[in-house]
Amino acid sequence: MRILKVLFVLLISACVAVPALSQCPKPGTYNSFSGDVDEGRSSEAWCSFSGPGVPGNMENAMSWDGAILGGQWHVYGMYIDENGAMETRRVIDENGNGFIEYQTNYDGGRFWMTKDNVWTNGVEDLTGTVSYFTVTTTVTLSGWEVVGQVSNIYFNGVFDNCMSLSFVYLLEFVIANAGLVWRSDWPDPMPPNYPPFSCTGDGTPEPGLSGELFDVCGITLKIHMEFGVEESSWGKIKEMYR
């Protein structure tokens with residue numbers, strides 16, 4: 001009888017340690033080319049009213065299926081870190097033709113993914129915290145005038161409510177192309193159906209803000225598990241995805 005009681009206690013402990021499957025995503029690689037992931041649109045609010053690439057500017061990105069904005073995924077609350085946009089390369093001739101490359105790192109951020117897709121069992125939406133978010137941007141010039149701006153975006157994060165001392169579910173999200181379509185200092189009117197400018201951290205629209213709008217495409221996201229059977233290895237996992 002004593003053995004049965006001990007076994008019962010151990011089974012209860014194991015169930016407590018492992019998250020409910022309904023809260024966990026399905027590991028795999030999903031992309032927009034196969035139709036698993038909707039492409040999207042994004043905005044960057046100039047939170048200090050100083051223009052692009054300035055510390056504190058905040059990103060807000062949503063899926064776009066041609067009719068519904070933010071119906072499948074939403075990434076928000078990332079703000080440019082204290083270094084701002086850092087120039088990494090410059091190739092410009094004497095006539096002002098060429099390009100400049102920048103890398104911009106962000107802090108903070110959250111993500112949401114709908115339950116109604118291949119990455120879940122259809123029971124609960126997925127949420128999580130962004131651990132690392134970086135953007136590499138190429139600005140093209142002609143006659144010293146900016147004529148194009150294209151960015152590549154990469155971020156990773158950790159899913160909420162689906163971790164234990166032995167494993168964690170992680171998200172890696174890549175946007176191969178984010179093309180500038182509008183900014184507040186252009187004479188054209190602001191186009192509709194883009195994520196609102198926000199500096200609150202939760203994506204709440206804030207009237208009166210200036211900023212930039214982008215179309216994003218070529219999206220690939222990967223969901224996978226990392227295992228750590230000891231506290232020391234769990235700490236290393238968290239450090240990797242900071």
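Note that the structure is a prediction, hence the values are computed from the model and not measured. In what follows, residues are counted from 1 in the order of the sequence shown.
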For [Y], is there any backbone N or O sitting under 3.5 Å from a side-chain donor or acceptor partner on [X]?
X	Y	answer
Trp182	Pro191	no
Trp73	Ala61	no
Arg110	Thr127	no
Asn121	Val123	yes
Asp215	Ala178	no
Ser50	Ser48	yes
Ser43	Pro196	yes
Ser63	Gln72	yes
Asp93	Asn95	yes
Asp81	Tyr106	no

Please find the pair of heavy atoms, one from [X] and one from [Y], that lie closest to each other, and give the distance.
X	Y	result
Ile175	Cys217	CG2-O, 3.8 Å
Val216	Glu39	O-CB, 3.4 Å
Thr200	Thr204	OG1-N, 3.5 Å
Cys162	Pro25	SG-CD, 4.2 Å
Gly71	Trp112	O-CH2, 3.6 Å
Ser151	Thr137	OG-OG1, 2.8 Å

Quick one: pull up [atom1] in [X] and [atom2] in [Y] and give me the separation to the nearest 0.5 Å.
X	Y	atom1	atom2	answer
Tyr79	Asp107	OH	CG	4.5 Å
Gln103	Asn152	CD	CG	11.0 Å
His224	Leu170	NE2	CG	5.0 Å
Ser32	Asp38	OG	CG	9.0 Å
Met78	Thr134	CE	OG1	12.0 Å
Glu124	Cys24	CD	SG	9.5 Å

Side-chain touch [X]/[Y], heavy atoms, less than 4.5 angstrom:
X	Y	value
Asn105	Tyr132	yes
Phe99	Arg89	yes
Tyr169	Ile223	yes
Thr88	Tyr102	no
Asn177	Val150	yes
Glu87	Ile100	yes
Asp125	Met113	no

Which is it for Glu212 and Leu180 under the side chain to side chain contact (heavy atoms under 4.5 Å, CB included) test, yes or no, and what are the steps along the way? CA-CA 7 Å; Glu212 300 172 297; Leu180 178 67; 3.9 Å; yes

Looking only at the side chains, is there a donor atom on one of Tyr154 and Glu172 sitting less than 3.5 Å from an acceptor on the other? yes

Side-chain donor-acceptor pair under 3.5 Å between Asn117 and Thr114, yes or no? no

hydrophobic_cluster_shared for [Y] and [X], side chain cutoff 4.5 Å:
X	Y	result
Val147	Val139	no
Val135	Phe173	yes
Trp186	Leu209	yes
Phe159	Phe155	yes
Val130	Tyr76	no

Could you go through the side chain to side chain contact (heavy atoms under 4.5 Å, CB included) check for Val174 and Ile219 one step at a time? CA-CA 6 Å; Val174 177; Ile219 298 173; over 6 Å; no

Pick from Arg41, Glu44, His74: which one makes a side chain to side chain donor-acceptor pair (under 3.5 Å) with Asn60? His74

Among Val75, Leu221, Thr129, Val158, which residue meets the side chain to side chain contact (heavy atoms under 4.5 Å, CB included) test with Phe111? Val75

Looking at residues at least two apart in the chain, or sitting in another chain, which of them share a side chain to side chain donor-acceptor pair (under 3.5 Å) with Asp185? Arg183

Give the C-alpha distance, both sets of side-chain angles, the deciding distance and a yes or no for side chain to side chain contact (heavy atoms under 4.5 Å, CB included) between Ser184 and Trp46. CA-CA 9 Å; Ser184 295; Trp46 298 344; 4.2 Å; yes

Report the C-alpha distance between Ile92 and Trp144 in whole Å, list the side-chain angles of each, state the deciding distance to 0.1 Å, and finish with yes or no for side chain to side chain contact (heavy atoms under 4.5 Å, CB included). CA-CA 9 Å; Ile92 304 175; Trp144 301 107; 3.8 Å; yes

